[in-house]
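Below is one structure, written out as structure tokens, with a few remarks after it.
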2 protein chains.
Amino acid sequence: MLAIGTLAKRTGTKVQTIRYYEQIGLLPEPGRTEGGQRRYDEEDLDRLAFIRHARQLGFTLEAIRELLDLSDNPGRPCADVDRIAHRQLKEVEARIARLEALRAELKRMLRECSRDTVSDCRVLEVLRDHSACLSDHETGA
Amino acid sequence: MLAIGTLAKRTGTKVQTIRYYEQIGLLPEPGRTEGGQRRYDEEDLDRLAFIRHARQLGFTLEAIRELLDLSDNPGRPCADVDRIAHRQLKEVEARIARLEALRAELKRMLRECSRDTVSDCRVLEVLRDHSACLSDHETGA
DNA sequence: TATACGACCTACAGCAACTGTAGGTTCAAG
DNA sequence: CTTGAACCTACAGTTGCTGTAGGTCGTATA
């Protein structure tokens with residue numbers, strides 16, 4: 001049986017985060033010692049590892065909740081899981097596209113920042129005057 | 001003189017967001033009508049446009065506060081602005097790198113998801129078993 | 001000029017996904 | 001048996017807004 005701190009270390013999670021996951025129903029309420037401290041088993045560790053891993057892949061807690069529901073019902077079609085992962089991929093790709101536009105704009109701003117004082121600074125000028133933009137980040141997500 | 005709703009429309013900001021910016025001190029307290037409604041001028045519009053533009057470029061409100069402080073003191077070196085923009089660029093680039101790793105992992109997961117039911121699903125398997133990962137997102141930011 | 005009604009006001013709660021704090025209790029090593 | 005690290009609950013704070021409730025204001029139209 002694992003104390004919460006051990007579980008935290010093994011999964012790279014903060015203790016408070018584990019309690020938070022329990023509170024929102026992502027982790028089941030674990031057994032307790034007589035003194036009231038939580039004790040976990042390997043199954044809890046697996047479930048938490050799954051959650052953390054999915055979080056690192058950028059899934060929201062709601063998506064993870066869906067995935068856990070699916071995995072608790074192994075007869076359901078794989079397509080359901082596929083759909084969730086696909087949605088996630090689309091979101092990741094959209095975020096990448098947006099960030100790449102920002103990177104281009106920032107680089108351009110920095111390239112043009114050659115004056116000495118703030119009053120002549122191109123960066124501030126560009127931020128002040130949107131029409132100076134080359135990218136279309138105004139219209140983006 | 002502009003009412004808050006007009007300012008909102010002109011800058012693509014929600015009314016509540018403008019009041020929020022005022023509350024946290026990013027926008028100065030505007031004049032009011034006798035009845036207590038806010039009225040803005042062109043300077044307020046410029047300042048808000050600056051803020052929104054910087055937000056769209058991914059700057060945090062704290063970074064924007066710094067930039068506004070700098071722009072209120074036009075004698076200070078451009079290098080200060082440059083530093084902030086550079087920091088922002090680094091952050092954007094780190095986020096891109098991280099998302100690209102996630103995208104690769106998600107694509108790999110989806111490529112291998114060819115079974116029919118959840119019980120055989122590679123996606124869940126990959127999420128369950130981190131050792132199956134090719135990318136190093138566990139150790140990333 | 002009266003009235004309707006959209007726009008405004010304040011104050012506060014809620015969102016994601018945690019993180020941190022205060023004040024107190026339990027467990028386990030020495 | 002003592003010490004102190006780790007645990008407990010409960011709640012506030014983070015970022016950057018967004019939404020709601022309940023009420024007031026401004027102005028276009030009849």
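Residue numbering restarts at 1 for every chain, and letters A, B, ... go by the order of the sequence lines. This is a predicted model, so every value here is computed, not measured.
Only R32(B), G36(B), Q37(B), R38(B), listed by number, bring a heavy atom of residues 28-45 of chain B to less than 4.0 angstrom from any atom of DNA chain C.
Rounded to an integer number of Å, the gap from R65(B) CZ to dT15(D) P is 10 Å. Atom CG in L7(B) sits roughly 14 Å away from atom C1' in dA7(C) (whole-Å rounding). Atom C1' of nucleotide dA17(C) and atom CD of Q23(A) are separated by 12 Å, given to the nearest angstrom. Rounded to whole Å, the distance from OH on Y20(B) to P on dC12(C) is 17 Å. The interatomic distance linking L61(B) (CG) with dG13(D) (C1') rounds to 16 Å, in whole Å. Following rounding to the nearest Å, I18(A) (CD1) and dA6(D) (P) show an atom-to-atom distance of 14 Å. Atom CE in M1(A) sits roughly 16 Å away from atom C1' in dT26(C) (whole-Å rounding). In this structure, Q16(A) atom CD and dG13(D) atom C1' are separated by 13 Å, rounded to whole Å.
Heavy-atom contacts from other residues, nucleotides or ligands closer than 6.0 Å to CZ of R10(A) number 12 or fewer.
By the 4.5 Å heavy-atom criterion applied to side chains, L61(B) and Y20(B) are counted as neighbours. Side-chain atoms of L27(A) and I51(A), non-hydrogen and from C-beta on, do get closer than 4.5 Å to each other.
Residue R19(B) is classed as a base contact, given a heavy-atom separation below 4.0 Å to a base. If you check every strand for non-hydrogen atoms under 4.0 Å, I4(A) touches sugar and phosphate atoms only. Looking at heavy-atom distances under 4.0 Å, Y21(B) makes contact with sugar-phosphate atoms alone, never a base.
Counting only distance, with no hydrogens or angles, the side chain of Q37(B) and the backbone of A3(B) share no donor-acceptor pair below 3.5 Å.
Here the side chain of V15(A) is nearest to one of dC7(D), dC8(C), dC18(C), namely dC7(D). Nearest nucleotide to the R52(A) side chain, out of dT19(C), dT18(D), dC18(C): dC18(C).
Taking 4.0 angstrom as the limit, K14(A) places none of its side-chain polar atoms (N or O) nearer than this to OP1 or OP2 of dA17(C). Within the 4.0 Å cut-off from OP1 or OP2 of dT15(D), not a single side-chain nitrogen or oxygen of T60(B) is found.
Summarising the geometry, atom CG belonging to L89(A) is positioned 8.0 Å from atom CZ belonging to R103(B); distances are rounded to the nearest 0.5 Å.
For the pair R19(A) and E22(A), the salt-bridge criterion is not met [side-chain N within less than 4.0 Å of a carboxylate O].
Neither side chain, Y40(B) nor R47(B), offers a donor N or O lying under 3.5 Å from an acceptor on the other.
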